[in-house]
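Notes follow the structure.
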Amino acid sequence: MSRIGNRIIVVPEGVTVTSEDNHIHVKGPKGELSLALGKGITVNIEGNNVSVLRANDEKTTKAMHGTMNAHIHNMIEGVMHGFKKGLEIIGVGYRFNVKGSTLVISAGYSHPVELEIPAGIQVEATSNTEITVSGIDKVLVGEFAAKIRKVREPEPYKGKGIRYKDEHVRRKEGKKAA
């Protein structure tokens, strides 16, 4: 029994949810998202309540039941409020720079790393060392933030690198002199 899959999602005012041809479309004040439903999953929309139903008790169908419910909930949350991820870079000479639709990262390499900002994602530089990745699609925001972090992951000895704002990097003690 999936507790998340059986959860009834309440659609707030200003958001419309429609289902057609095994796809679900969510439209709200910040934009529009759509999702292809998994095999054996159906969506029942009654008034301002959305429920996700599964056709059988196969292992893959049970797994997709809760996943689809969570995706639909995140889509509704995204078109209402949006999602944000904050990143900071720590190190001498390390910095972020947003140039149009490109994010330029100076992270101690011999050349700056340039990442193309995907459509539907906004990147704001609050300072040279801090940026905010925002958008309505939770998956896209998380993937792009992870891609930025992967350029120079934080190392445990000096703490240099790119990290999320709320991330705690466990520090290690270096070699001790005899």
Side-chain angles (χ1 to χ4, degrees), residues 9-38 43 50 64 66-172:
I9 303 167
V10 178
V11 180
E13 235 176 89
V15 176
T16 58
V17 179
T18 57
S19 177
E20 55 185 51
D21 298 337
N22 212 21
H23 279 73
I24 188 153
H25 304 281
V26 179
K27 193 179 222 178
K30 290 207 175 239
E32 186 176 347
L33 294 171
S34 64
L35 174 73
L37 295 174
V43 174
V50 177
M64 291 306 292
T67 303
M68 284 297 143
N69 191 308
H71 280 314
I72 294 167
H73 182 266
N74 288 337
M75 289 167 61
I76 292 170
E77 191 72 26
V79 296
M80 275 301 288
H81 307 291
F83 294 100
K84 288 184 178 183
K85 286 257 189 193
L87 292 144
E88 60 185 356
I89 191 166
I90 297 172
V92 177
Y94 290 13
R95 65 192 44 172
F96 294 117
N97 192 5
V98 180
K99 291 184 181 175
S101 65
T102 306
L103 176 65
V104 181
I105 304 169
S106 299
Y109 297 116
S110 61
H111 60 284
V113 178
E114 295 183 2
L115 295 176
E116 194 67 32
I117 299 170
I121 298 288
Q122 294 82 33
V123 178
E124 294 177 19
T126 53
S127 70
N128 281 342
T129 59
E130 294 180 0
I131 59 169
T132 304
V133 179
S134 60
I136 61 172
D137 191 353
K138 187 174 187 177
V139 174
L140 267 179
V141 170
E143 280 182 358
F144 190 63
K147 190 175 182 182
I148 293 169
R149 184 182 180 275
K150 200 167 180 99
V151 169
R152 173 77 77 177
E153 292 184 11
E155 55 98 15
Y157 295 102
K158 293 183 181 176
K160 292 167 44 172
I162 302 172
R163 64 178 81 178
Y164 298 115
K165 287 233 178 158
D166 57 350
E167 181 179 7
H168 173 73
V169 177
R170 201 177 120 241
R171 300 292 296 270
K172 290 183 180 177

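Between Ile162 and the choices Ile90, Leu87, Thr129, the side-chain contact (heavy atoms from CB on, under 4.5 Å) rule is met once, by Leu87.
A pairwise comparison of heavy atoms in Val79 and Gly31 identifies CG1-O, 3.5 Å as the closest pair. The shortest heavy-atom contact between Pro12 and Ile76 is CD-CG2, 3.6 Å. Smallest separation of non-hydrogen atoms from Leu33 and Ile136: CD1-O, 3.7 Å. Minimum heavy-atom separation, Ser19 to Val43: OG-CB, 4.4 Å. When every heavy atom of Ala125 is checked against every heavy atom of Ile131, the shortest pair comes out as CA-CG2, 4.0 Å. Nearest approach of Asn97 to Lys99, heavy atoms of both residues: ND2-CE, 3.5 Å.
Of the possible donor and acceptor atoms, none in the side chain of His73 sits under 3.5 Å from a partner among the backbone N and O of His71.
Side-chain contact check for Glu116 and Ser101: at least one donor-acceptor pair (N or O, by modelled atom type) lies under 3.5 Å.
Contact of the Phe96 side chain with the Glu88 side chain is not registered, since no non-hydrogen atoms from C-beta on lie closer than 4.5 Å. With contacts defined as side-chain heavy-atom distances shorter than 4.5 Å, the pair Glu130/Lys165 qualifies. Taking 4.5 Å as the limit, every side-chain heavy atom of Val15 sits out of range of all side-chain heavy atoms of Lys27.
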- Carefully, step by step, assess Thr132 and Val123 under the rule side-chain contact (heavy atoms from CB on, under 4.5 Å). CA-CA 6 Å; Thr132 304; Val123 178; over 6 Å; no
Below 3.5 Å, can you tabulate the donor-acceptor pairs from side chains in residues 142-155 to any protein atom, sequence neighbours excluded?
unit_1: Arg149; atom_1: NE; unit_2: Glu167; atom_2: OE1; d: 3.2
unit_1: Arg149; atom_1: NH2; unit_2: Glu167; atom_2: OE2; d: 2.6
unit_1: Arg152; atom_1: NE; unit_2: Ala107; atom_2: O; d: 3.0
unit_1: Arg152; atom_1: NH2; unit_2: Ala107; atom_2: O; d: 2.9
unit_1: Glu155; atom_1: OE1; unit_2: Tyr157; atom_2: N; d: 3.0
unit_1: Glu155; atom_1: OE1; unit_2: Lys158; atom_2: N; d: 3.4
unit_1: Glu155; atom_1: OE2; unit_2: Lys158; atom_2: N; d: 2.8
unit_1: Glu155; atom_1: OE2; unit_2: Gly159; atom_2: N; d: 3.3

